Amino acid sequence: MSLLAVMMAGVMTMLFIVVVMTVTTEGDRIPTTLEGPFTPVTEPLANERFRIHPVDLPATDLRVLRNVTGFQPEQISVSLSAKYHSAWISWITGEFQIGDDIKPLDPSSVASVVRYSERKDMSSRRVAIGNSLIYNQSYPFEGLMNYTSGIIHHVRITGLRPRKKYYYSCGDPSINSMSDVFVFRTMPISSPRRYPKRIAIVGDLGLTYNMTTTVDHMRRNKPDLFLLIGDVTYANLYLTNGSGADCYSCSFSNTPIHETYQPRWDYWGRFMQPFVSKTPMMVIEGNHEIELQAEKVTFEAYRSRFAFPSAESGSTSPFFYSFDAGGIHFIMLGSDHDYSKSSDQYKWLEKDLKSVDRSVTPWLIGSWHAPWYNSYKAHYMEVECMRVEMENLLYSYGVDIVFNGHVHAYERMNRVYNFNLDPCGPVYITVGDGGNRENLAVPHADEPNHCPNPLNTPGPFLGKYCPFNFTSGPAAGKFCWDRQPDFSAYRESSFGHGILEVKNQTHALWTWHRNQDLYNSIGDAIYIVRQPDVCSTKPTSSFVMDVPIGGRFPMI
């Protein structure tokens with residue numbers, strides 16, 4: 001082929017990419033962040049019936065019933081390690097127990113074995129052995145029932161090749177308790193030219209009929225990876241006898257401790273198995289995972305049921321870790337864990353950011369549960385202390401996108417930093433609309449009589465109040481805007497999920513899908529464009545910004 005022919009082929013390829021990046025299959029043009037900031041839009045719900053009150057799946061639903069016997073594996077799931085060449089397989093054997101007289105199972109009584117192969121017939125298979133554990137949810141109060149889990153297994157399989165299907169079976173072959181054969185695909189190699197095709201992202205799922213629609217739509221979009229941004233099962237909306245409520249504190253105000261009904265975790269794991277046994281799932285904790293029990297123990301279900309690439313990513317905690325998926329480096333942070341500058345989390349984050357090679361993983365994406373930027377009344381400025389502590393660090397390293405949950409609605413921001421529109425700030429996106437029992441967030445903080453009291457928004461780990469009145473711009477002198485804030489580009493109170501498709505090292509397509517639409521319909525779409533030649537991806541020694549644009553409320 002001549003040099004001219006090669007050049008023409010390259011031009012045609014670029015033209016094809018441009019066309020793909022600006023036109024949907026329906027012919028509607030998709031905007032890019034380069035055209036922003038955009039005029040704020042609030043989408044009214046076209047039909048009130050789509051705000052139907054979420055209803056839980058009952059314990060009798062076939063999708064949550066135990067369908068194995070003895071020590072056969074159930075609740076099988078896959079999660080990623082820090083790099084493509086290893087992954088985690090998790091499952092549970094044995095039955096949970098709940099009541100006054102429970103006898104925990106012995107984890108050493110059942111082996112943790114995974115057989116895996118690139119061949120569907122499992123020939124030339126390899127074997128990996130892992131660890132097992134049980135956890136208890138205990139309450140030192142008469143009348144409350146205690147819980148002990150089945151045996152939870154986590155096995156790390158290694159020596160994997162990038163972008164390959166692996167077939168696997170898990171269990172204990174010595175007692176003839178191996179699972180059926182499942183399959184998943186590994187991530188691409190870390191490279192600026194290799195990316196997962198689709199990444200599904202949502203938070204605040206629970207186990208309702210609305211949630212089942214969300215998961216069904218996600219599955220039909222065939223993602224390669226699933227990010228779950230906190231608030232998994234909402235087991236803490238229930239007493240230990242199984243009685244539940246939309247608002248725990250409203251309905252159960254006299255309980256001696258905040259109870260939880262742990263079988264909801266098992267129901268959730270059974271429902272999710274068809275999806276997460278095939279699609280790797282990465283989870284970060286939310287406030288509904290705290291689950292306080294005896295001796296002030298918290299987060300036991302979260303710590304025990306999921307496998308995290310903490311050690312592989314240099315972290316000492318399941319509350320913060322990182323991993324690569326092709327040319328994307330993900331940082332997963334804990335908004336319900338100490339985030340002060342003296343904390344282990346902050347020190348780990350700084351070290352992790354320094355280690356990122358943007359020539360290998362150009363995209364840097366952050367995720368934690370509670371959002372820093374939010375225009376809804378629900379959880380308005382609730383983690384402002386976290387933003388004050390960490391925003392400068394993330395901005396200085398050029399984080400591209402941040403995904404959050406917690407607020408039960410959808411909201412996409414203009415690029416923003418320190419509450420000012422900034423072409424180099426991250427695009428913050430809230431997808432806490434998975435379908436949980438607590439219903440949708442509807443009122444906005446900028447609507448009359450909906451601005452929260454700033455003294456009700458403390459930073460729990462710093463012992464002080466960080467929210468402030470704005471001192472400049474359209475909201476100067478106020479705690480809330482009197483119209484949709486400039487940093488909010490699009491907001492809508494509907495259940496749904498998002499799909500991220502990174503096309504190359506500068507362009508990624510973000511689409512949000514409402515539950516009430518067809519699964520492949522798009523409610524919101526934008527191309528998020530990186531500008532590495534304009535926006536620095538390394539901090540400068542003179543860069544300092546620790547004080548927000550406003551006066552702090554006094555510490556109380």
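Please read all numbers here as calculations on a predicted model, not as lab measurements. Just so you know, these numbers use all the heavy atoms, side chains as well, and skip hydrogens, waters and symmetry mates. FYI, the numbering just counts along the sequence from 1.
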Item to complete: Test ring-ring contact (aromatic ring centres under 6.0 Å, His included) on F319 and F308 and set out the steps.
Response: CA-CA 9 Å; F319 301 111; F308 308 94; 8.1 Å; no

Worksheet item: Relative to the ring of Y248, is the ring of H258 parallel (under 30°), tilted (30 to 60°) or perpendicular (over 60°)?
Response: parallel

Worksheet item: With no hydrogens and no angle check, is any side-chain donor or acceptor of S313 less than 3.5 Å from a backbone partner on Y321?
Response: no

Discussion item. Ring centroids only, cut at 6.0 angstrom: are F403 and Y428 within range, meaning strictly under it?
Written reply: no

Worksheet item: Testing I201, D433, V202, I429 for side-chain contact (heavy atoms from CB on, under 4.5 Å) with W512, which one passes?
Response: D433

Worksheet, complete the sentence: Rounded to the nearest 0.5 angstrom, the OG1-CG distance for T240 and L144 is 5.0 Å

Item to complete: Let me see the working for I89 and Y116 under side chain to side chain contact (heavy atoms under 4.5 Å, CB included), right down to the final yes or no.
Response: CA-CA 10 Å; I89 309 296; Y116 61 106; over 6 Å; no

Practice prompt. Take E291 and W265, measure what side chain to side chain donor-acceptor pair (under 3.5 Å) needs, and give me the verdict at the end.
Written response: CA-CA 12 Å; E291 297 188 314; W265 281 95; 3.1 Å; yes

Worksheet item: Taking the side chain from N136 and the backbone from S138, do they hold a donor-acceptor pair closer than 3.5 Å?
Response: no

Item to complete: Nearest 0.5 Å please: distance from the OG1 atom of T316 over to the NZ atom of K347.
Response: 11.0 Å

Fill in: Residue from Q72, H153, E74, Q75 passing side chain to side chain donor-acceptor pair (under 3.5 Å) with T93
H153

Worksheet item: When rounded to the nearest 0.5 angstrom, what distance separates OG in S149 from CD1 in I92?
Response: 6.5 Å

Worksheet item: When you check the side-chain N and O atoms of Y261 and Q137, is any donor under 3.5 Å from an acceptor?
Response: no

Worksheet item: Does one side chain, of T214 or N515, offer a donor that lies under 3.5 Å from an acceptor on the other?
Response: yes

Worksheet item: Who passes side chain to side chain donor-acceptor pair (under 3.5 Å) against Y135, sequence neighbours left out?
Response: Q262, R305

Worksheet entry | Any side-chain donor near an acceptor of the partner, D336 and W368, under 3.5 Å | no

Fill in: Shortest non-hydrogen contact from W348 toward G314
CD1-O, 3.4 Å

Worksheet item: Got a salt bridge between D524 and R412, using NZ or NE/NH1/NH2 to carboxylate O under 4.0 Å?
Response: yes

Discussion item. Has Y139 got a side-chain atom pairing as donor or acceptor with T260's backbone, closer than 3.5 angstrom?
Written reply: yes

Worksheet entry | Check: L237 main-chain N/O paired with R264 side-chain donor or acceptor under 3.5 Å | no

Worksheet item: Does W363 have R530 sitting over its ring (NZ/CZ under 6.0 Å from centre, angle to axis within 45°)?
Response: yes

Practice prompt. Provide the closest heavy-atom pair for M386 versus G334 in the form atom of the first, atom of the second, distance.
Written response: CE-O, 4.2 Å

Discussion item. Salt bridge check, R119 against D121: does any charged N sit closer than 4.0 Å to a carboxylate O?
Written reply: no

Worksheet entry | Closest approach of F182 to S277 (non-hydrogen atoms, all atoms of both residues) | CD2-OG, 3.6 Å

Discussion item. I'd like to know if the side chain of E289 reaches the main chain of V232, judged simply by a donor and an acceptor atom lying under 3.5 Å from each other, with no hydrogens or angles considered.
Written reply: yes

Item to complete: Carefully, step by step, assess D224 and R198 under the rule salt bridge (charged side-chain N to carboxylate O under 4.0 Å, His left out).
Response: CA-CA 6 Å; D224 297 317; R198 294 187 188 91; over 6 Å; no

Discussion item. Are S177 and V110 packed together at the side-chain level, in the sense that at least one heavy-atom pair is separated by less than 4.5 angstrom?
Written reply: no

Practice prompt. Verify whether one side chain among Y234 and D204 offers a donor that lies under 3.5 Å from an acceptor in the other.
Written response: yes

Worksheet item: Going by distance alone, is a donor N or O of one side chain under 3.5 Å from an acceptor N or O of the other, for Y302 and T233?
Response: no

Fill in: Closest non-hydrogen atom pair between F323 and S81, with its separation
CB-O, 3.6 Å

Worksheet item: So S86 and T158, side chain to side chain donor-acceptor pair (under 3.5 Å) or not? Walk me through it.
Response: CA-CA 4 Å; S86 60; T158 60; over 6 Å; no

Fill in: Donor on one side chain, acceptor on other, Y166 and E118, under 3.5 Å
yes

Worksheet item: What's the spacing between L500 CG and I365 CD1 if we round to 0.5 Å?
Response: 5.0 Å

Discussion item. I'd like to know if the side chain of H288 and the backbone of G230 have a donor-acceptor N/O pair within less than 3.5 Å.
Written reply: no

Worksheet item: Under the 3.5 angstrom rule, does the side chain of D231 hit a backbone N or O of G206 as a donor-acceptor pair?
Response: no

Discussion item. Under a 3.5 Å cutoff, is there a donor and acceptor pairing between the side chains of D352 and H329?
Written reply: yes

Discussion item. With heavy-atom distances below 4.5 Å as the criterion, would you say the side chains of R115 and Y168 are in contact?
Written reply: no

Practice prompt. Kindly say whether T212 contributes a backbone atom to a donor-acceptor pair with the side chain of R63 at under 3.5 angstrom?
Written response: no

Worksheet entry | Spatial distance of atom CG (N436) from atom CG (L205) [nearest 0.5 Å] | 8.5 Å

Worksheet item: So, R66 and E95, do they make that salt bridge, N to O below 4.0 Å?
Response: yes

Worksheet item: Does the separation of the ring centres of F226 and F275 fall below 6.0 angstrom?
Response: yes

Discussion item. If you compare all heavy atoms of M282 against all heavy atoms of L80, which two are closest, and at what distance to 0.1 Å?
Written reply: SD-N, 3.2 Å

Worksheet item: Any Lys/Arg nitrogen of E501 or K197 sitting under 4.0 Å from an Asp/Glu carboxylate oxygen of the other?
Response: no

Worksheet item: Would you say T186's side chain and R161's backbone share a donor-acceptor pair under 3.5 angstrom?
Response: yes

Discussion item. If you define the side chain from C-beta out and look only at heavy atoms, does anything of R437 sit under 4.5 Å from Y238?
Written reply: yes

Practice prompt. Decide side chain to side chain donor-acceptor pair (under 3.5 Å) for E391 and Y373; before the verdict, give the C-alpha distance in whole Å, the side-chain angles of both, and the deciding distance to 0.1 Å.
Written response: CA-CA 11 Å; E391 185 177 29; Y373 292 95; 2.5 Å; yes

Worksheet item: More than 12 non-hydrogen atoms from neighbouring residues, nucleotides or ligands closer than 6.0 Å to CG on N131, yes or no?
Response: no

Item to complete: Using a strict cut-off of less than 4.0 Å between a Lys/Arg side-chain nitrogen and an Asp/Glu carboxylate oxygen, indicate whether D216 and R219 qualify as a salt bridge.
Response: no

Practice prompt. Step through it carefully: locate the ring centre of Y147, locate the ring centre of F96, and say whether they are under 6.0 Å apart.
Written response: yes

Discussion item. Quick check for you: to the nearest 0.5 Å, what is the distance between L393 atom CG and M390 atom CE?
Written reply: 7.5 Å

Worksheet item: Side chains of S340 and E389: do they bring a donor and an acceptor to under 3.5 Å?
Response: no

Discussion item. Side chains of H513 and H497 only: does a donor on one sit below 3.5 Å from an acceptor on the other?
Written reply: no

Fill in: Criterion salt bridge (charged side-chain N to carboxylate O under 4.0 Å, His left out) on R194 and D324, from CA distance to verdict
CA-CA 11 Å; R194 299 288 185 268; D324 289 349; over 6 Å; no

Practice prompt. For the residue pair H337 and S335, confirm or rule out a side-chain donor-acceptor distance under 3.5 Å.
Written response: no

Fill in: Side-chain donor/acceptor of T279 to backbone N/O of V276, under 3.5 Å
no

Practice prompt. Say whether Y267 and D56, considering side chains only, have a donor N or O and an acceptor N or O under 3.5 Å apart.
Written response: no

Worksheet item: Side chains of N287 and H369: do they bring a donor and an acceptor to under 3.5 Å?
Response: yes

